[in-house]
Student: 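Have a look at the structure that comes next, please.
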Amino acid sequence: MNPKKKDIRSLTKEQLRNFFVENGDKAFRGNQVFEWLWSKSLHDFDAMTNISIETREILKENFVINHIEVDSMQRSKDGTIKNGIRLHDGFIVESVLIPTEKRTTACVSSQVGCSLDCRFCATSRLKRMRNLNPDEIYDQVVAIDKQSKLYHNRKLSNIVFMGMGEPLMNYNNVIKSIDKITSPEGLGMSSKRITLSTSGIPKIIKKMADDQVKFNLAVSLHSAIDSIRTSIMPFNETFPLKDLGDSLVYWFEKTQRVVTYEYIVWDGINDKKEDIKALINFCKLIPCKVNLIEYNPIDDGEFQQATSRAIDNYISNLEMHDIVVNVRRSRGKDIDAACGQLANKS
Ligand code: SAH
C-alpha cells in the first residue's frame with residue numbers, strides 16, 4: 001500500500017467535492033462517491049458502478065479505503081455474537097451483537113485497549129494502543145447490522161459504546177462516528193437509540209452538554225464513596241466524585257436528560273449500608289436511574305459478585321427513595337463477550 005495515499009473516509013463531503021472540482025470533474029461526483037463510502041458502506045472503488053472507470057482509477061491513485069474485517073466470530077448459546085475485528089493496521093478490537101426479544105444491540109469499541117485501569121475490567125489489562133477512527137467505529141455498526149439481519153432477521157436497533165476503551169478519551173472521533181451513524185447520509189439511526197458509557201471524565205461531560213449531544217449518557221459509577229471508587233477505579237483520584245457530580249449537574253441543566261448509573265455490587269467491597277446511603281445521596285444530584293449490572297468474573301477471583309441478599313438490599317433502599325433501579329443480566333458469558341470481558345483472548 002502506498003503510505004502517501006490518504007484514507008478517503010477521512011475527508012468530509014465538502015473536501016471530497018473539492019477534490020473532484022480540482023480534478024476537472026463536477027462537485028456532484030463527490031456526492032456520489034460519498035454515498036458509496038458511507039450509506040452504502042462500500043470498501044472497493046471498482047464496485048462504484050455509477051463512476052466511470054477513469055475516475056475510479058484517479059481515486060485509486062490518490063486514496064485508499066481503510067476498513068475493518070471481521071477476523072473471528074463466536075456465537076453464544078443465547079444468540080450473542082462476539083466479533084474479533086481486525087483494523088487496517090492489524091490491531092484487533094472486539095464488538096458484540098446482543099439480541100433480546102425485541103431488539104438487537106451493538107456493543108462497539110472506541111479504542112484499541114484502554115488507558116483507564118479499572119481493576120475489575122479485562123480490557124484494562126491491555127495497554128491503550130490507539131484511538132479508533134470514526135470510520136472504524138461506523139464499520140463495527142455496519143458489520144453488526146449485517147449479522148443482525150442474517151442471524152436474527154431484523155435490523156440493528158440500538159448501539160452502546162460499552163466495548164473496549166473509554167469513549168470520552170476519544171471524544172472527537174466518537175462524536176464524528178455518531179454523526180455518521182445518525183445522519184441520513186450514513187445509517188440514519190436515531191440518536192435516542194445510542195448510549196455512550198463512560199467512567200466519567202468531568203471536563204468532557206460538560207463539553208458534551210455544551211455540544212447538546214442527543215444520545216443517552218451512562219456513567220460507570222460502582223461506588224459513590226471516593227476512597228472505595230479510587231481503589232477499584234484508580235483514575236477517580238484525578239476525577240473525584242465531587243467533580244463528576246458537578247459535571248452531571250451541569251449536564252442535566254443544559255440537556256434535561258436523565259443519566260443512567262451502572263453499578264456492580266461486589267462482595268466485601270461495596271455491599272454495606274454506607275455504600276447504599278452514599279449512592280442514594282449521589283442519585284439526588286440529578287434525575288437518574290440505576291442499572292445494577294451482573295458481575296462477569298475475569299479470571300483471578302479478586303472480585304466476587306455480592307450475595308442476592310446484598311443486591312436486594314440495594315434495590316429496596318433505592319426504591320424506597322423513588323430511584324428507578326433495574327437489574328441487568330449478562331449476555332454471552334460463555335464466550336467472554338459480556339461487559340468487561342473483552343480482552344482479545346482468542
Ligand atoms: N470505558 C467505558 C465503557 C466500557 S466498559 C465505561 O467505563 O463505561 C462498559 C461497562 O462494563 C462499564 O459500565 C463497566 O464498568 C462495565 N464492566 C467492566 N468490567 C466489568 C465486569 N467484569 N463485569 C461487568 N461489568 C463490567
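Since we're looking at a predicted model, the values are computed, not measured. For ligands, and for the atoms within them, numbers begin at 1 and follow the listed sequence. Numbering of residues begins at 1 and proceeds along the displayed sequence.
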Student: Do the rings of Trp38 and Tyr138 sit parallel, tilted or perpendicular, given the 30° and 60° boundaries?
Tutor: perpendicular
Student: Can we say Arg119 and Glu302 salt-bridge, meaning some charged N sits less than 4.0 Å from an Asp/Glu carboxylate O?
Tutor: no
Student: Have a look at Ser220, Ala218, Ser197, Gly200 and point out the one with the heavy atom closest to atom 13 (O) of ligand 1.
Tutor: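 That would be Ser220.
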Student: Evaluating non-hydrogen atoms only, which member of Met169, Met162, Gln305 is closest to atom 9 (C) of ligand 1?
Tutor: Met162
Student: Taking the six-membered ring for Trp, are Phe120 and Trp266 parallel (under 30°), tilted (30 to 60°) or perpendicular (over 60°)?
Tutor: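 Plane angle between 30° and 60°, so tilted.
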Student: Which ligand 1 atoms, with their elements, are less than 4.0 angstrom from a heavy-atom of Glu294?
Tutor: 24 (C)
Student: Relative to the ring of Tyr314, is the ring of Tyr263 parallel (under 30°), tilted (30 to 60°) or perpendicular (over 60°)?
Tutor: tilted
Student: Under a heavy-atom criterion of less than 4.0 Å, does His222 contact ligand 1?
Tutor: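 His222 counts as a contact of ligand 1 under the 4.0 Å cut-off.
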Student: Distance under 4.0 Å to a non-hydrogen atom of Cys121: what atoms of ligand 1 satisfy this?
Tutor: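 Answer, ordered by atom number: 18 (C), 19 (N).
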Student: Answer yes or no: is there an ion pair linking Lys277 with Glu274, defined by an N-O contact shorter than 4.0 Å?
Tutor: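 The answer is no: the pair does not qualify as a salt bridge.
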Student: With backbone taken as N, CA, C and O and side chain as the heavy atoms from C-beta onward, which portion of Ile264 lies under 4.0 Å from ligand 1: side chain, backbone, both, or neither?
Tutor: side chain
Student: Can you sort out the partners of Asn133 under side-chain hydrogen bond (donor to acceptor under 3.5 Å, both in side chains), two or more places apart, ordered by chain and number?
Tutor: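 Residues passing side-chain hydrogen bond (donor to acceptor under 3.5 Å, both in side chains) with Asn133: none at all.
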Student: List ligand 1 atoms under 4.0 Å from Thr198, heavy atoms only on the residue side.
Tutor: 6 (C), 7 (O), 8 (O)
Student: May I ask whether Gly165 places a heavy atom under 4.0 Å from ligand 1?
Tutor: yes
Student: Less than 3.5 Å between some nitrogen or oxygen of Phe120 and one of ligand 1, yes or no?
Tutor: yes
Student: Check whether any side-chain heavy atom of Phe161 lies under 4.5 Å from a side-chain heavy atom of Ile137, and answer yes or no.
Tutor: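 The answer is yes, as the side chains (C-beta and beyond) meet within the 4.5 Å cut-off.
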Student: Does Gly163 have a non-hydrogen atom less than 4.0 Å from ligand 1?
Tutor: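 Gly163: in contact with ligand 1 (<4.0 Å).
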